[in-house]
Amino acid sequence: MKEYKYKINGNEYNVAIGDINDNIAQIEVNGVPYSVELEQQPKAAPVVKRVAVSNDAPAPKPAAKPAATAAGGGFVIASPLPGVIKDIYVKEGQAVKAGDVVCILEAMKMGNEIHAGKDGVVKSINVSSEESVLEGTTIMVIE
């Protein structure tokens, strides 16, 4: 049983909440027991998506996210979520391949590898190590 103390309009109330079965809660206010009916939330109907499956057809590929371009025409690597840049593995002018890890972004105590996304040369690095970034912040540009 959870107990709470409330002060409402100068009056003190000791409230103990007991069992809750279905939508009925057993509570006690200043030693007086009550059965309280809780409002029931309507249950959402499950959404069912029907997909035709054939053993002959290849599995559909996820839609590619369009590549962002910088004002100068380069490929922008943007932060996928807010976090802190922990390590930067490339320098301006360095050649990179699409799968290369260019930096580590720490978010929610986890290190996330940020990949180049395309073959090219690092045109600019717009962040520094230990810098906090928001989602969508330009980390670097590749030409």
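Counting heavy atoms from C-beta on, the side chains of I77 and T138 never come closer than 4.5 Å. I104 places none of its side-chain heavy atoms less than 4.5 Å from the side chain of N112. By the 4.5 Å heavy-atom criterion applied to side chains, V102 and Y89 are not counted as neighbours. The closest side-chain heavy-atom distance from N126 to I139 is not below 4.5 Å. In this structure, the side chains of E92 and S124 come closer than 4.5 Å at one or more pairs of heavy atoms. In this structure the side chain of S79 never reaches within 4.5 angstrom of the side chain of E135, judged on heavy atoms. With contacts defined as side-chain heavy-atom distances shorter than 4.5 Å, the pair V29/Y34 qualifies. Side chains of I85 and L105 form a contact here, defined as non-hydrogen atoms less than 4.5 Å apart.
Rounding to the nearest 0.5 Å gives a distance of 9.0 Å between SG of C103 and CG of D87. Atom OG of residue S35 and atom CD1 of residue I27 lie 9.0 Å apart, to the nearest 0.5 angstrom. Between atom CD1 of residue I125 and atom CD1 of residue I142 there is a gap of 9.5 Å, rounded to the nearest 0.5 Å. Going from atom CE of M140 over to atom NZ of K91 covers 11.0 Å, rounded to the nearest 0.5 Å. Put simply, CD on E131 and OG1 on T137 are 8.0 Å apart, with the number rounded to the nearest 0.5 Å. With rounding to the nearest 0.5 Å, the separation of CD in E143 from NZ in K123 is 4.5 Å.
Considering every non-hydrogen atom in both V96 and V90, the closest pair reads CG1-CG1, 3.8 Å. For the pair S132 and V84, the tightest heavy-atom approach, listed with the atom from each and the gap, is OG-CG2, 3.8 Å. Between A107 and P82, the shortest heavy-atom contact is CB-O, 3.4 Å. Contact detail for K97 and A116: the closest heavy-atom pair is O-CB, 3.2 Å. Across all their heavy atoms, G136 and A78 have their closest contact at O-CB, 3.9 Å. In terms of heavy atoms, H115 sits closest to V101 at CE1-CG2, 3.6 Å.
The hydrophobic cluster containing I8 also contains V32, counting ILVMFWY residues as joined when their side-chain heavy atoms lie under 4.5 angstrom apart, directly or transitively. Hydrophobic cluster membership is shared by I17 and Y13, with clusters built from Ile, Leu, Val, Met, Phe, Trp and Tyr side chains linked at under 4.5 angstrom. When hydrophobic clusters are built by joining Ile, Leu, Val, Met, Phe, Trp and Tyr residues whose side-chain heavy atoms come closer than 4.5 Å, directly or via intermediates, L81 is not grouped with L134. When hydrophobic clusters are built by joining Ile, Leu, Val, Met, Phe, Trp and Tyr residues whose side-chain heavy atoms come closer than 4.5 Å, directly or via intermediates, M110 is not grouped with I114.
Under 4.0 Å is where a charged nitrogen must lie from a carboxylate oxygen, and between E130 and K86 at least one such pair does.
Without hydrogens or angle criteria, N30 side chain to N14 main chain gives a donor-acceptor distance under 3.5 Å. In this structure, the side chain of D119 engages the main chain of A98 through a donor-acceptor pair within 3.5 Å.
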Check step by step if side-chain contact (heavy atoms from CB on, under 4.5 Å) holds for Y6 and V15. CA-CA 8 Å; Y6 295 101; V15 179; 3.6 Å; yes
